[in-house]
Amino acid sequence: MRGFRKYVSFARTSLEITFVYRAGFAVNMIGTIFYVVAMFYLWQTIFLGNPGALGGFTWPEMKAYLLVAFLLNSLLTWYQEWVMGEDIRQGVVAIDLARPIDFQASRFSRAIGPVPFEFTSALAVAAIVAFAFGGIALPADPARAGLFLLSAGLATMIKFGLVYCVSMAAFWTTGTEGLTVGRMAVQNIFSGALIPLVFFPDWLRAIAAVLPFQGMISTPALTYLGKLDGPTTALMLAVQAAWAVGLIVLGRLVWGRAVRVVTINGG
Amino acid sequence: MAVRVAVAARLRPARRLVYIYFRCLGQQMKAILAYEADFAILMFSAVLVQIVGFAFIWAIFQRIPSVNGWTFWQVVMMYALIYVTEGVGSLFFEGTWRVSQLVYDGQFDQMLLRPISPIVQVLAGAVGFNGLGNIVTGMVLIGISMANSPIEWTPGRLVMFAILLVSASTIRVAINLGSAASAFWIRTPWSLVPTFVHQLGDFAKYPITIYSLGVQALIVVAVPFAFISFFPTAYVFGMEAWSLAGLLTPLVALYCLFIAVVLFRIGLRRYESTGH
């Protein structure tokens, strides 16, 4: 029990840090809001010019899809990723090595700490945008909403697993900025964050299907909208869980190798 | 070094500023090129971001012929102009993004101690090599869009396009510099206001006709991102209703630069070098 308490403490401290630097958090979020609003205007124009469904999506469904993507993207912000890269780059990670803690677990608690705050802020913004653009499609029933929350939780685990693995690269390179930008680009296209995967040609969808990214946005969003039937939903959730576990295990393996190359002198 | 300074002193004032600017920038380039892997990753990531953005527009236009009358290559041109000008800002003028940190730490002093314009030093204060990736990929996209434009490319038109491109880049850098001046009023180690303003550029990746009047006013008048992407594109594709405004781009660039320099000078007077 004492072992668990220290991780709760990491999470709480991380949340408090987010509160202290709330101006940074707010500006970061406002930036994403501009992007979401631009997307809403773009799709609104597209649906006005092409009444009916596009790629199987109606306008209220597309609005819901965009907001679910926004909500999930708002969790585990870049800040934790940046801090971890900087800690490794500057050699601060030595302090973590000296502590009787599991490195991955401590980083996970720090990442997860601010999630309640990130989630409620993003939800408030999503509600305002949804209201301004005339409402969105809601989950058909409570069971569907429950499945969505489960899928969203798994999506967050996948995101942590992935971000952790990418941050490990800081042990070999000197900066992580480029890697973060690159990861986000690949993630944006293959997760379905920019546009539902159904809009892609078959070969691109085939690639997306074997990558972990679709579990980050596409699966939870399609679960929310009820676009997947019962067995498919179960399968997709299982695929999500497998990727979450797989990436977290991979992160541990990479860490095992990374600490051998660590040089604690900054730089 | 002393010889070089003497050489610089003999140059005419304007040329001297340009000379000093490139000397400062060169030092920054050396610092970054020391980390080869980072340099390569930054460039590659920038290219990746653009390919993804292009894929997004392409996926949409697979389903529909036009958005509000705007075709695929027109939207690609607007998108590419946003990234090329961002690339110019990163590669040559990344220093504007360091102002907040320097003022916050009180380190801005170093800029005031040297007998060179602080604004030139700020502009040359950093190099973002991701900009090179943005410029190259963006120019390739612009080239393909131009080839798909119905306009006949006479030498005169090409010169006009070059002027538009330089003007658009100037507007971008002026917006960065002007918003960086906010650091003298709003004291945070991060570029809060500049980031905020920069994100407004997201609106200008698409034709402004899709937006409500309020958003249009924001990106045409308040922070003229529309003159970076939309109006030059309208000119290149000969969209009658908008192309005349495209010709105003050089004037808008001069206006933005003037405002940015004035804002920065007013801000400089408030600088107390105490840090916060």
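Naming convention: chains lettered A, B, ... in sequence-line order (proteins, then strands); numbering from 1 in each chain.
- Between the A/Tyr224 side chain and the A/Ala137 main chain, a donor and an acceptor come within less than 3.5 Å of each other.
- Separation of the B/Phe203 and B/Phe230 ring centroids does not fall under the 6.0 Å cut-off.
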Determine, step by step, whether A/Gln187 and A/Leu162 satisfy the side chain to side chain contact (heavy atoms under 4.5 Å, CB included) criterion, reporting the C-alpha distance in whole Å, the side-chain angles of both residues, the deciding distance to 0.1 Å, and the verdict. CA-CA 10 Å; A/Gln187 179 187 318; A/Leu162 184 72; 4.1 Å; yes
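- The contact between B/Phe196 and chain A is made by backbone and side chain atoms together, counting heavy-atom distances below 4.5 Å.
- Ring planes of A/Trp43 and B/Phe56: perpendicular class, angle over 60° (limits at 30 and 60°).
- In terms of heavy-atom pairs under 4.5 angstrom with chain A, the leader among B/Ile64, B/Val49, B/Val67 is B/Ile64.
- With a 4.5 Å cut-off on non-hydrogen atoms, B/Val47 does not touch chain A at all.
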Apply ring pair (Phe, Tyr, Trp, His ring centres under 6.0 Å) to residues B/Phe264 and B/Phe184 and explain how you reach the verdict. CA-CA 9 Å; B/Phe264 207 89; B/Phe184 296 110; 5.3 Å; yes
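- With a 4.5 angstrom heavy-atom cutoff, B/Ser212 touches chain A via backbone and side-chain atoms both.
- Heavy atoms closer than 4.5 Å to chain A are found in both the backbone and the side chain of B/Ile60.
- No other option in B/Asn130, B/Leu200, B/Asn68 has as many heavy-atom pairs under 4.5 Å with chain A as B/Leu200.
- Ranked by heavy-atom pairs under 4.5 Å with chain B, the first of A/Leu42, A/Val186, A/Val181, A/Asn50 is A/Leu42.
- Taking the ring centroids of B/Phe108 and B/Tyr271, they lie under the 6.0 Å cut-off.
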